[in-house]
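Being a predicted model, the structure only gives us computed values, none of them experimental.
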Amino acid sequence: MRMNDSLSIDRIVRSNGLAIAIALILVAISALLAVLPERLVLFFGVVLVGLPLAALVISKRTRNTAVIAMLVLLPLTAILKAITGIRFAPLVFDLGLLLACVLHLGEGLVRGRLRAGPLDLLLLFLWVLALLQMFNPNVPDMQAGIEGFRKFIFMSIAFYISRHLFQMRDFRLFTKSMILFSIPVTLYGIKQFVVMWPIDYRMIELSTSSSVTFLMGGWIRPFSTMSGPFQLGLYLVVMLPLLLIVLTKTRPKPWVRVLLLVLLGLQIALMLMTRTKGNWGGFLVGVVVLVLLQSRNPIRAAFRLAGLAVVGGLILGLILYVTSGETRAVMDDAIFAITHPLEAPTFIFRMELWTEEIIPALRAQWLLGYGTSSAGEGLQNLYEGTTAQFFYSHNLYIKVLLELGLIGFLAFLALVGTSIWNGMRYLFRAHNIQPQVAMLVQWGMAVTVAFLIAGVVIATLDAYPANYYFWLLLGVLSRAGTLDYRS
């Protein structure tokens with residue numbers, strides 16, 4: 001009896017050896033996690049989530065698809081923070097994208113196929129300068145320098161991805177995936193405006209943005225799955241021109257067109273719900289740029305702009321008709337801010353801040369600036385209790401000046417300006433303009449201009465994850481003449 005029992009046990013072990021081994025490994029891991037500090041447990045959780053993405057990035061066959069997936073999923077920033085309970089959970093995507101760039105760069109060096117143009121060298125100069133500025137005497141510690149670097153210049157790896165990794169087939173997959181993923185992002189943002197769930201309050205708690213920014217006029221300013229309403233607004237600044245291009249320049253099936261029109265309407269409504277006036281202004285200018293690029297004939301452009309103005313006026317009139325109380329006051333204030341930008345209270349506040357604090361600081365340290373992170377949005381807590389100076393720039397250009405000095409500012413302008421010039425030269429001087437490439441370049445031009453305009457009152461390139469998309473589309477403009485729709 002005992003011999004039969006032992007034979008049965010032996011047979012079970014042999015037939016289920018793999019399952020038993022996995023079970024023992026899981027028991028061992030569980031025991032290890034039970035005695036580890038909470039922060040280490042959360043860290044290992046983030047690493048385990050990132051392992052599948054890292055495996056896809058390492059393989060050359062799946063690398064670009066994995067990069068596209070990470071770029072599309074970037075808006076899940078706040079949800080990841082809320083689920084893991086750790087503010088650095090989105091680093092999974094950042095490190096995955098960095099790994100893709102490093103592998104591509106390494107393969108190019110090994111095979112002798114590395115190509116670097118003037119714009120690549122200019123970007124490298126900005127990276128080196130930002131790294132050196134981490135050691136600026138004004139930066140309080142290494143953590144502040146690292147977080148400031150990631151907040152701003154690190155996202156420009158998307159510029160490299162756009163110029164060297166992606167081909168037109170990748171951009172086609174990226175745009176389709178962005179549109180599809182924007183549907184749940186949009187719906188969740190509208191849900192927040194109507195009703196807040198416990199996880200939404202958890203996202204606010206873990207955000208680096210001030211809790212005051214999430215409320216205006218007695219209503220929550222939706223932020224969807226991102227870190228704040230400004231981040232959501234800039235994400236919509238990226239998505240709305242793409243939807244307009246797809247609707248005006250392609251021929252989708254009737255049911256697809258209806259769905260896209262509904263999505264367009266919902267995203268415009270969500271943009272209004274965020275009540276981020278700087279983003280509104282940037283979006284409007286971006287739309288004007290898009291119409292001008294799509295209308296070679298000035299008369300046709302004038303008619304289209306007039307038509308958009310009439311439709312926009314009717315929609316705005318309807319909104320003002322149905323709103324009342326504090327919401328109506330917020331809308332009136334927003335309309336006044338856009339129609340009289342120099343007289344708006346928020347702009348006057350910024351002017352006073354720039355005059356009393358920023359300009360004297362720039363005069364004192366205009367050449368080298370105050371170091372990486374010294375004007376980073378949401379990083380002020382890293383400067384508390386120190387003698388280091390932190391600045392609330394409320395402006396993209398002032399932020400670059402403060403952190404990188406005049407040298408870095410001029411290099412940044414040269415990179416952006418040359419990329420825009422390359423895109424414009426393709427659209428207006430190329431002999432054989434490819435429609436799909438032209439649509440991609442038009443999207444990049446509209447978004448780039450919108451970000452630069454909104455940057456007058458917002459540090460737009462500190463807004464994660466939209467800053468990734470800015471750099472990606474800027475890379476499209478920089479290489480417009482080398483894109484081929486057949487690739």
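Side-chain contact, Ser478 with Arg163: a donor N or O sits under 3.5 Å from an acceptor N or O. At a cut-off of 3.5 Å, with distance as the only test, no side-chain donor of Trp443 or Thr175 sits close to an acceptor on the other residue. Looking at Ser373 and Tyr383, their side chains do bring a donor and an acceptor atom within 3.5 Å of each other. Defined by atom type and a distance below 3.5 Å, a donor-acceptor pair is missing between the side-chain atoms of Gln389 and Asn138.
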(message) Show, in sequence, the C-alpha distance, side-chain angles and deciding distance for Trp421 and Tyr426, and conclude whether the side chain to side chain contact (heavy atoms under 4.5 Å, CB included) test is met.
(response) CA-CA 9 Å; Trp421 171 252; Tyr426 174 80; over 6 Å; no
(request) Give the intermediate values and the outcome of side chain to side chain contact (heavy atoms under 4.5 Å, CB included) for residues Ile68 and Asp170. (result) CA-CA 8 Å; Ile68 291 168; Asp170 301 309; 4.0 Å; yes
(request) Carefully, step by step, assess Tyr188 and Asp200 under the rule side chain to side chain donor-acceptor pair (under 3.5 Å). (result) CA-CA 10 Å; Tyr188 195 82; Asp200 298 324; 2.6 Å; yes
(message) One pair to check against side chain to side chain contact (heavy atoms under 4.5 Å, CB included): Tyr469 and Leu234. What are the steps and the verdict?
(response) CA-CA 10 Å; Tyr469 304 137; Leu234 282 170; over 6 Å; no
(message) For a side chain to side chain contact (heavy atoms under 4.5 Å, CB included) check, start with the C-alpha distance between Phe135 and Met142, then their side-chain angles and the critical distance, and finish with the verdict.
(response) CA-CA 8 Å; Phe135 302 95; Met142 184 56 69; 3.2 Å; yes
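Taking both residues in full, the closest heavy atoms of Pro140 and Ala388 are given as CD-CB, 4.1 Å, listed atom of the first, atom of the second, then distance. Cys101 and Ile161 make their closest contact through SG-CG1, 3.5 Å (heavy atoms, listed as atom of the first residue, atom of the second, distance). Among all heavy-atom pairs drawn from Gly189 and Pro222, the shortest one is O-CB, 3.2 Å. Listed here is the closest heavy atom pair of Gly369 and Asn136: O-ND2, 3.3 Å. Pro241 and Leu290 get closest at one heavy-atom pair: O-CD2, 4.0 Å. The minimum heavy-atom distance between Met445 and Leu477, with the atom names listed, is N-CD2, 3.7 Å.
Counting only heavy atoms from C-beta outward, the side chains of Leu71 and Leu74 approach each other to under 4.5 Å. Between Leu452 and Ile420, the closest side-chain pair of non-hydrogen atoms falls below 4.5 Å. Gln133 places none of its side-chain heavy atoms less than 4.5 Å from the side chain of Val139. Using a 4.5 Å heavy-atom cutoff, the side chains of Leu404 and Leu126 are in contact. Ile79 places a side-chain heavy atom less than 4.5 Å from the side chain of Ile199. Counting heavy atoms from C-beta on, the side chains of Val441 and Met424 never come closer than 4.5 Å. Counting heavy atoms from C-beta outward, Leu272 and Trp280 have side chains that approach closer than 4.5 Å. Contact of the Val67 side chain with the Leu97 side chain is registered, since non-hydrogen atoms from C-beta on lie closer than 4.5 Å.
A distance-only check finds no donor-acceptor pair linking the side chain of Arg221 to the backbone of Met273 [under 3.5 Å]. Under a 3.5 Å cut-off, the side chain of Ser162 and the backbone N or O of Val476 do form a donor-acceptor pair. Between the side chain of Arg425 and the main chain of Gly423, no donor-acceptor pair closer than 3.5 Å is present. Thr225 places a side-chain N or O within 3.5 Å of a backbone atom of Pro75 that can act as its donor or acceptor partner. The backbone N or O of Gly371 lies less than 3.5 Å from a partner atom in the side chain of Ser374, making a donor-acceptor pair. A donor-acceptor pair is defined here as one N or O able to donate and one able to accept, closer than 3.5 Å; no such pair exists between the side chain of Arg63 and the backbone of Ala100. Judged purely by atom type and a 3.5 angstrom limit, Asn422 has no side-chain atom pairing as donor or acceptor with the backbone of Ser419. At least one donor-acceptor pair under 3.5 Å links the side chain of Asn64 to the backbone N or O of Leu165. Here the side chain of Ser156 pairs a donor or acceptor atom with the backbone of Ile153 at under 3.5 angstrom.
Note that CE of Met134 is 12.5 Å distant from CG of Leu129, once rounded to the nearest 0.5 Å. Residue Leu473 holds its CG atom at 11.5 Å from CZ of Phe159, rounded to the nearest 0.5 Å. Rounding to the nearest 0.5 Å gives a distance of 5.5 Å between CD1 of Ile58 and CG of Leu99. Annotation: the span from Leu415 atom CG to Leu121 atom CG amounts to 11.0 Å, rounded to 0.5 Å. Separation of atoms CG (Leu232) and CG (Asn279) is listed at 9.0 Å; rounding is to 0.5 Å. Atom CG in Leu461 sits 6.5 Å away from atom CG in Asn467 (nearest 0.5 Å).
For Glu384, the salt bridge (Lys or Arg N to Asp or Glu O under 4.0 Å) criterion is met by no residue, not counting sequence neighbours. With sequence neighbours left out, the salt bridge (Lys or Arg N to Asp or Glu O under 4.0 Å) criterion links Lys399 to Glu403, Asp462. Leu243 pairs by the side chain to side chain contact (heavy atoms under 4.5 Å, CB included) definition with Ile179, Leu260, Leu263, Leu264, Gln267, not counting sequence neighbours. A search for ring-ring contact (aromatic ring centres under 6.0 Å, His included) contacts involving Phe171 returns Phe166, not counting sequence neighbours. Here Tyr464 pairs with Tyr468 under the ring-ring contact (aromatic ring centres under 6.0 Å, His included) rule; sequence neighbours left out.
Using the six-membered ring where Trp is involved, His164 and His104 have ring planes that are tilted, between 30° and 60° apart. Taking the six-membered ring where tryptophan is involved, the planes of Trp127 and Phe154 are tilted, since the angle between them lies from 30° to 60°. Between Phe214 and Phe223, the angle of the ring planes goes over 60°, which puts this pair in the perpendicular group of the 30/60° scheme.
Checked against Leu270 for a side chain to side chain contact (heavy atoms under 4.5 Å, CB included), the options Ile190, Val185, Leu187 give a single hit: Ile190.
At a threshold of 4.0 Å, the pair Arg202-Glu205 counts as salt-bridged, since one of the basic side-chain nitrogens sits closer than that to a carboxylate oxygen.
Screening residues 356-372 for side-chain hydrogen bond (donor to acceptor under 3.5 Å, both in side chains), with sequence neighbours left out, gives no hits.
Counting heavy atoms of neighbouring residues, nucleotides and ligands inside a 6.0 Å radius, atom NZ of Lys191 exceeds 12 of them.
Taking the six-membered ring for Trp and the full ring otherwise, Trp471 and Tyr160 have centroids separated by 6.0 Å or more.
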